[in-house]
Number of protein chains: 2
Amino acid sequence: MLMPRMSPGERRAALISAALAVMRRRGIAGTTARDVAAELGSSSGLIHHYVDSMDELVAEAFAVAAGEDLLQAETAVRDEIGAVPRLAAFFDAYARGDDDGMQLWLDAWSEAARRPALGRISRELNERWQGLLAGIIRDGIREGSMSAEDADSSAWRVLSLLDGLVLQTVAHGDVISRAQADAWARAGAEGELGLPAGSLRGAVRTP
Amino acid sequence: MLMPRMSPGERRAALISAALAVMRRRGIAGTTARDVAAELGSSSGLIHHYVDSMDELVAEAFAVAAGEDLLQAETAVRDEIGAVPRLAAFFDAYARGDDDGMQLWLDAWSEAARRPALGRISRELNERWQGLLAGIIRDGIREGSMSAEDADSSAWRVLSLLDGLVLQTVAHGDVISRAQADAWARAGAEGELGLPAGSLRGAVRTP
DNA sequence: AGGCTTATTGGACAAATGTGCAATAGGGCG
DNA sequence: CGCCCTATTGCACATTTGTCCAATAAGCCT
């Protein structure tokens with residue numbers, strides 16, 4: 001049985017989408033070319049007609065998935081006015097991500113030092129997350145609504161606290177609930193930036 | 001060539017030590033039975049004479065390595081008197097760990113949800129790290145040297161901030177230096193616990 | 001309609017993997 | 001000293017992996 005013939009652009013997008021599905025199911029390290037082909041419903045040979053190596057494929061797929069999440073956060077932040085509402089929107093956007101997305105990040109961090117392509121993407125995206133935060137904090141300092149000695153280090157702290165807490169949620173099941181991780185990270189950010197307690201409380205959201 | 005015959009206890013310890021060396025070099029997911037045998041200098045068949053599966057071996061090896069680090073932290077903390085010096089000792093002990101040790105943690109977090117044995121160990125050790133911190137913080141509150149609404153959530157915050165910052169160091173090379181991650185985490189803890197800035201500054205250490 | 005580019009197939013290939021097992025040999029115990 | 005338990009060997013086995021390639025066919029252009 002033959003797959004419908006697609007343009008390289010479409011097929012490549014379909015490939016990445018299939019790779020992503022397998023990565024979410026089996027983890028980055030456990031993603032094989034044959035599994036991706038099966039997910040796609042195509043022959044296994046098709047994968048290497050579009051991609052030189054599996055490392056390249058997983059790196060690109062991760063870049064797409066994690067890049068979309070970041071983009072959503074960036075636009076959500078841009079839609080708000082004022083540093084504090086923007087920071088709240090940042091947390092809301094982060095909270096909107098699912099556990100599978102965070103598991104992908106855990107895999108990426110684990111493999112980053114060993115897979116050059118993946119490591120570059122992971123680092124670049126992390127720096128953009130931090131940059132997004134740092135911009136908000138700089139605005140807050142300028143407005144007078146936030147206080148921080150150094151926006152960059154505060155941004156790294158807020159981001160790392162959030163990552164570190166959600167990490168526990170995803171890796172270890174319910175040692176911490178996701179809602180608790182989110183609330184604790186917001187509280188930590190309030191302390192870090194001299195905000196009144198509760199300033200960043202997230203909108204109650206029906207999932 | 002034959003390996004010197006060892007008692008099961010000794011051999012098992014040697015196996016774990018060899019497994020650990022391979023895990024540090026190739027990552028948890030990339031640790032194979034043959035590599036462990038080669039590291040040990042034995043035949044590959046020996047591995048399965050002592051262990052039922054590779055998952056069991058890596059979980060046990062991780063438990064030993066990470067358990068030793070935790071034990072060192074626990075005794076280092078116990079050797080100090082007063083909550084603030086104890087917390088400083090906690091950070092010193094954490095900082096004494098090398099990048100390979102943290103890379104092992106990244107691997108463990110990544111695989112925790114997929115390897116039951118490894119996930120249990122990882123979660124248990126993380127809870128003990130948090131418990132160690134929570135005890136220090138409770139002491140600090142009792143002494144009046146620290147202020148925190150809830151020792152447990154503060155402990156999770158301090159630990160997750162530290163993990164999240166060091167994670168960046170190990171996964172992404174020098175996006176943040178390890179020293180910077182350490183200093184920022186201490187500063188964050190000072191803020192979290194209402195300590196004067198600089199209270200937790202680490203002893204200058206020659207690596 | 002006919003040809004030609006190329007997307008797609010299906011399998012070949014070698015290397016590596018976890019796991020099991022019969023054979024070997026070292027050393028403690030009678 | 002000699003026997004027997006078992007630590008250790010070395011390989012077999014079936015899978016699975018990434019990578020590659022000749023053959024096939026789909027659909028666009030002239």
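Residue numbers begin at 1 in each chain, while the letters A, B, ... track the order of the sequences.
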By side-chain contact (heavy atoms from CB on, under 4.5 Å), which residues pair with [X], not counting sequence neighbours?
X      : result
B:I141 : B:I137, B:A148, B:A151
B:A181 : B:L165, B:V166, B:T169, B:I176
A:V64  : A:I16, A:E68

- Among C:dT19, D:dT8, C:dT8, the one nearest B:L46 by side-chain distance: D:dT8

- Note on the structure: Ranking C:dT8, D:dT19, D:dT8 by distance to the side chain of B:S43, first place goes to D:dT8

- Task: Provide the full list of ring pair (Phe, Tyr, Trp, His ring centres under 6.0 Å) pairs with a residue in residues 112-135 of chain A, sequence neighbours left out, each pair given once.
- Result: A:F90-A:W129, A:Y94-A:W129

- Give every residue pair that meets the ring pair (Phe, Tyr, Trp, His ring centres under 6.0 Å) criterion with at least one member in residues 40-82 of chain A, sequence neighbours excluded. A:F62-A:W105

- Query: Near DNA chain C, under 4.0 Å by heavy atom, which residues of residues 51-62 of chain B?
  - Reply: B:S53, B:M54

- Pull out every residue in residues 10-31 of chain B that has a heavy atom closer than 4.0 Å to any atom of DNA chain C, ordered by number, or say none. B:T31

Using a 3.5 Å cut-off and no angle test, enumerate the donor-acceptor pairs between side-chain atoms of residues 33-45 of chain A and protein atoms at least two apart in sequence or in another chain.
from  : atom 1 : to    : atom 2 : distance (Å)
A:D35 : OD2    : A:T32 : OG1    : 3.4
A:E39 : OE1    : A:R25 : NH2    : 2.4

- Proximity to DNA chain D (any heavy atom under 4.0 Å), residues of residues 106-115 of chain A only: none

Provide, to the nearest angstrom, the distance between the [atom1] atom belonging to [X] and the [atom2] atom belonging to [N].
X     : N      : atom1 : atom2 : value
A:I47 : C:dT9  : CD1   : C1'   : 12 Å
B:L40 : D:dT8  : CG    : P     : 9 Å
B:H49 : C:dG18 : NE2   : C1'   : 17 Å
A:R34 : D:dT15 : CZ    : C1'   : 11 Å

- Query: Is there side-chain contact between B:D163 and A:D163, with at least one heavy-atom pair below 4.5 Å?
  - Reply: no

- Message: Could you check whether any side-chain heavy atom of A:M146 comes within less than 4.5 Å of a side-chain heavy atom of A:R138, counting everything from C-beta outward?
- Response: no

- So, are B:R115 and B:D55 salt-bridged, with charged N and O less than 4.0 Å apart? yes

- Ion pair present between A:R186 and A:D182, side-chain N to carboxylate O less than 4.0 angstrom? yes

- Query: Can you name the salt bridge (charged side-chain N to carboxylate O under 4.0 Å, His left out) partners of B:R5, sequence neighbours left out?
  - Reply: none

Show the distances under 3.5 angstrom between N or O atoms of the protein and N or O atoms of nucleotides 25-30 of chain C.
from   : atom 1 : to   : atom 2 : distance (Å)
C:dG26 : N2     : B:R5 : NH1    : 3.4
C:dG26 : N2     : B:R5 : NH2    : 2.9
C:dG26 : N3     : B:R5 : NH1    : 3.0

Donor-acceptor list for residues 77-85 of chain A side chains, cut-off 3.5 Å, not counting sequence neighbours:
none

- Task: State whether B:H48 places a side-chain N or O below 4.0 Å from either non-bridging phosphate oxygen (OP1 or OP2) of C:dG20.
- Result: no

